[in-house]
Amino acid sequence: MTQRRILVTAALPYANGPIHIGHLVEYIQTDIWVRFQKLRGHRCVFVCADDTHGTAIMIRARQENRSEVELIAEMQQRHEADFAGFDIQFDNYGSTNSEENRRLCGEIWAAVTKAGLVVDEDVEQLYDPEAQTSLADRFVRGTCPCCKTPEQYGDHCEKCLHTYSPTELIDPKSTLTGAVPEVRTSAHKFIELEQLHDFLDQWTQSGEHLQTEVANYLKGHFLGAEGDKENPRKVLRNWDVTRPPDYFGFEVPDFPGNYWYVWFDAPIGYLASTKQWCDRHGEDFDQWWRNDATEVHHFIGKDITYFHTLFWPGMLKSAGYNLPTKVHIHGFLTVGGEKMSKTKGTFVQAETYLKHLDPSYLRYYYASKLGAKLDDIDMNLEEFAAKVDSDLVGKVVNIASRSAKFAQPSGLSKTYPEDEGLFAHAAGQGADIAVAYEQCEYNKAMRLIMELAANANKYWDAKQPWLLRKDPERAAELQDVCTVALNLYRQVVVYLAPVLPRLAQQTGELLSSQITHWDDAQTPLVGVAVAPFKHLLQRVNTKDIAAMTEESKEAPTTTPASSADSDQPLLDEPLAEECSFDDFMKVDLRVARVVNAEEVPDARKLVKLTLSLGGDNQRTVFAGIKAAYQPEELVGRLVVMVANLAPRQMKFGLSEGMIIATGPGGKDVVLLQPGEGAQVGQRVH
RNA sequence: GGGCCGGUAGCUCAGUUGGUUAGAGCAGUCGACUCAUAAUCGAUUGGUCGCAGGUUCAAGUCCUGCUCGGCCUACCA
């Protein structure tokens, strides 16, 4: 087999938060792939880095009253510890805030400038005078210009789904400082991606580098196609790649006082991290990034598809670097069929997991679930325990557990005995398993491997060596059966080695011979000593899972005192500006009764309510509570409505008010209900 | 509204270019064994392959329509 030269990256974790089990899907997926390639004897280098720049880091450092450099150093240390705890082994783990990265950013900037891709444009943006920084859309909240819902993000309203620019918000506030933002115009540099349209079209649609779903998505949303009536060729928007001060990042050399946007320098971090590795090992950087013989594989989540499949190839192309051979895109992690949730304790940080459970469990469980598609994967905690127990402990480790003790006195036979073709069969399966790993079909690989483990157990049962042991004259026969069983076991462990490096290591110790190559599964081990058996892997203790979930729950529910209420809601949504009594009295809140409630068939969020204010006074109100309430459960109940709100024409009819509710939206909406004794039509004040 | 992906046993999924009686693991039931971390082995229950049409000698697989779920994207404004 010819030795391939492969460079692998996983997405750079942002230095603003800790690693959690959702991130680990990607790092475990990537680490398995890398270990597989190395085991196969290829030259494979796995680089990653912390993504350190941007407004969020700057603000957090200020809040914590320390420098950004100090903050990112601490976060990096924690990230690296988490990765190490899960046996994720990088050849180099760098930082986007490195000298190597600064230099490479400069070089690529010069290249895209020279290629004529950089254009100047003025940008009107909100600016926080207190923090002295311009505000990205998500850092601005205000009242929706359309439906007047307060506390909406700068780019869209969660209530009415209207999209707008942050400058259109009514009463905008910076979420960083609470200050009223000013509108400022500043000069930015843009990259005119449209110039690369033909190249990107060809690169994304070639069928070689991306999953087909991804290629279709890009074609449908960004590229379009010449002559296609339904989806005509689209013009790619210019990409804003600089930020005015204050910003934590690298200053743009030919644009003093301005900084590269974090998404410009982050992917260049892949190059910078490679450079560090090269310098440390006396390797030629150009061999890895400017040589067609080198494969470049990026592993990313579907949320950052856009950057890695359009901008990034565009930048690499313009600067004359290798293009990605493949961008492997995976889906998100759900737990118990739902998004990870801090209240349910399913938002588990890497650190918390490691306090309670063995990292091998998660590596195997993810491997058994991961395919090559970008579907989300679901972590079901019962299934997690069942799979680890029955596959790893019951099937795999069990083979060694039942045979090692018998084999220990004698060691393995000098020649490999007759085994009914089992070893040869499993050796042959190596090719199919390798293909599955190569194509990121780990679920398939695990299935094939477990079949081999089952064969070994069957063999053992058929031979009944525990009976042989009782007859001293059949010692040689017993030794042969153990030799077969332990060799079949070792084969399985070789195939599992990318997923379970610890088990591979322990198995090496057990059989006095370390696993170093995939082809170790092709030749049986004979004549070696067998070390005393030690437990290789414990069963999953469900109490540990429960303890982990418990520790991951954010607000302790045990303490009823009001001081135990989390301050998170208040932090998420700071108090609005003070208003006068007169201001308050402008809003006429009334008790109303829901007399009718019906689904609005074409609306996603809306329920059509008919509210009675008493007598013949009825109002029709469209409320965005479909996900939280069934229409029938609303009929008859009292609600509080804004009775003097200007009517609004919606697609489905005229909405003549709003009803008062709390919660972030979607399913988490709670209607406020007047207590006992409230009468329909009464004003609330 | 548009795009993409998916709907196969109670659960998680596999089913290659259409080709015999649709498979695996887990769970369930019965039995065997006792070497092993209450592990293992054998047997067995269980499916109108989302629904309805069509193409074909033959459809889980191809085509059309519908339906449900997920994700993305938009609009009503």
Side-chain angles (χ1 to χ4, degrees), chain A residues 144-149 156-157 159-164 168 211-222 224 230-231 301-303 305-306 329 331-332 334 337-339 365 368-371 373-380 382-407 432 435-436 441 443-444 446-451 453-470 478 481-482 485 489 533-541 600 602-606 622 648-655:
Chain A
C144 170
C146 179
C147 71
K148 311 293 190 271
T149 307
H156 73 284
C157 171
K159 182 91 174 179
C160 71
L161 302 181
H162 188 56
T163 54
Y164 40 76
E168 293 173 49
Q211 287 122 303
T212 42
E213 306 98 290
V214 178
N216 289 342
Y217 160 75
L218 295 173
K219 186 174 173 180
H221 289 288
F222 305 109
E230 305 238 310
N231 182 27
K302 63 184 180 183
D303 52 328
T305 297
Y306 185 55
I329 305 180
F332 297 145
T334 56
E338 298 178 352
K339 274 213 274 193
Y365 183 68
S368 76
K369 304 283 287 186
L370 275 167
K373 301 234 178 107
L374 69 166
D375 300 335
D376 290 349
I377 75 167
D378 184 49
M379 174 160 187
N380 177 301
E382 286 93 65
E383 187 197 32
F384 168 79
K387 216 156 196 150
V388 170
D389 284 353
S390 73
D391 290 358
L392 293 185
V393 181
K395 287 212 165 64
V396 176
V397 163
N398 188 234
I399 311 166
S401 171
R402 52 203 315 209
S403 59
K405 195 170 78 183
F406 292 1
D432 284 354
V435 168
E441 302 272 11
N443 49 5
K444 184 175 181 188
M446 297 307 111
R447 256 200 319 279
L448 291 170
I449 295 168
M450 286 310 134
E451 211 175 294
N455 290 344
N457 277 306
K458 278 175 210 176
Y459 170 83
W460 184 264
D461 275 330
K463 293 292 174 190
Q464 299 185 295
W466 53 93
L467 298 182
L468 294 178
R469 194 167 64 138
K470 290 179 180 157
L478 174 65
V481 172
C482 290
Y489 165 71
F533 182 75
K534 287 184 276 191
H535 270 204
L536 299 164
L537 199 68
Q538 301 297 327
R539 310 180 79 73
V540 178
N541 187 340
V600 184
D602 296 333
R604 270 206 200 162
K605 298 181 170 183
L606 298 181
F622 290 90
R648 173 150 298 270
Q649 185 60 48
M650 298 175 80
K651 181 180 177 184
F652 316 104
L654 190 68
S655 187

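Remember, it's a predicted structure, so these values are computed and weren't measured experimentally.
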Nearest-angstrom distance, P atom, B:A9 to B:U48: 9 Å
A:Val214 near the nucleic acid: base, sugar-phosphate alone, or nothing, with a heavy-atom cut-off under 4.0 Å? nothing
Where the side chain of A:Lys369 is defined as all heavy atoms beyond and including C-beta, which of B:G25, B:C35, B:U12 is the nearest nucleotide? B:U12
Distance between the P atoms of B:G50 and B:U61, in whole angstroms? 8 Å
Could you tell me whether A:Leu537 contacts a base, only the sugar-phosphate backbone, or nothing, with contacts defined as non-hydrogen atoms closer than 4.0 Å? base
Starting at atom CD1 of A:Ile329, determine the distance to atom P of B:C72, rounded to an integer number of angstrom. 14 Å
Any side-chain heavy atom of A:Asp461 sitting closer than 4.5 Å to one from A:Arg402? yes
For the side chain of A:Asp461, starting at C-beta, report the closest nucleotide among B:C41, B:G25, B:U34. B:C41
Closest to side chain of A:His535, choosing from B:U37, B:G70, B:C41: B:U37
Looking only at B:G25, B:U12, B:C33, the nucleotide nearest the A:Asp391 side chain is B:G25
In whole angstrom, what separates A:Leu374's CG from B:C4's P? 14 Å
How far does the C1' atom of B:C51 sit from the matching atom of B:C13, given to the nearest Å? 23 Å
Could you tell me how far B:G10 sits from B:C4 if I compare only their P atoms? Round to whole Å. 31 Å
At under 4.0 Å, does any side-chain N or O of A:Lys444 touch on OP1 or OP2 of B:U16? no
Mind checking A:Leu536 for me? I need base, sugar-phosphate or nothing, with any heavy atom below 4.0 Å counting as a touch. base
Distance, C1' atom - from B:A59 to B:A22, rounded to whole angstrom: 12 Å
Here the pair of heavy atoms bringing A:Asp378 nearest to A:Lys369 is O-CE, 3.2 Å
Just to confirm, is there a sub-4.0 Å distance from OP1 or OP2 of B:A36 to any side-chain nitrogen or oxygen of A:Lys405? yes
State plainly whether the residues A:Lys302 and A:Asp376 are in salt-bridge range, i.e. N to O under 4.0 Å. yes
Does B:A39 have OP1 or OP2 under 4.0 Å away from a side-chain N or O of A:Arg539? yes
With a 3.5 Å cut-off and just heavy-atom distances, do the side chain of A:Trp460 and the base of B:C41 make a donor-acceptor pair? no
If I take atom NZ in residue A:Lys470 and atom P in nucleotide B:C33, what distance separates them, rounded to the nearest angstrom? 12 Å
With a 6.0 Å cut-off (strictly less than), is the heavy-atom count around NZ of A:Lys444, excluding the residue itself, greater than 12? no
Considering only the P atoms, how many Å lie between B:G2 and B:G65, rounded to the nearest integer? 12 Å
Let me know the distance between CD of A:Gln538 and C1' of B:A39, rounded to the nearest Å. 13 Å
Give none if B:C76 has no partner; otherwise give the nucleotide forming a Watson-Crick or G-U wobble pair with it, both distances under 3.5 Å. none
Between A:Arg447 and A:Asp432, does any NZ, NE, NH1 or NH2 come within less than 4.0 Å of an OD or OE carboxylate oxygen? no
If pairing requires Watson-Crick or G-U wobble contacts with both distances under 3.5 Å, which nucleotide is the partner of B:C57? B:G19
With both distances under 3.5 Å as the test, what is the Watson-Crick or G-U wobble partner of B:G31? B:C41
Side-chain contact test, heavy atoms from C-beta onward, threshold under 4.5 Å: evaluate it for A:Tyr489 versus A:Ser403 and give yes or no. no
When the C1' atoms of B:G28 and B:A36 are compared, how many Å lie between them, rounded to an integer? 24 Å
Let's see if you can work this out: which of B:C35, B:U40, B:U34 has an atom nearest to the side-chain heavy atoms of A:Leu467? B:U34
What is the distance, rounded to the nearest whole Å, between atom NZ of A:Lys534 and atom P of B:A36? 19 Å
Between A:Arg447 and A:Tyr217, which is nearer to the 5' end of RNA chain B once each is assigned its nearest nucleotide? A:Arg447
Nearest non-hydrogen partners of A:Leu374 and A:Ile329, listed with the distance: CB-O, 3.4 Å
Rounded to whole Å, how long is the line connecting atom CE of A:Met379 with atom P of B:C11? 20 Å
Parallel, tilted or perpendicular: which describes the rings of A:Phe384 and A:Tyr365, with under 30° parallel and over 60° perpendicular? perpendicular
Separation of B:C33 atom C1' from A:Asn398 atom CG, nearest Å, is 13 Å
Short side-chain N/O contact to B:G6 OP1/OP2 from A:Lys373, under 4.0 Å: yes
Distance between the P atoms of B:U67 and B:C26, in whole angstroms? 39 Å
For RNA chain B, whose closest nucleotide is more 5', that of A:Ala454 or that of A:Lys302? A:Ala454
Grab the OH-P distance between A:Tyr459 and B:U40 for me, whole Å please. 20 Å
Taking OP1 and OP2 of B:G42, is either one under 4.0 Å from a side-chain nitrogen or oxygen of A:Lys458? yes
Watson-Crick or G-U counterpart of B:C66, or none if no pair lies under 3.5 Å: B:G50
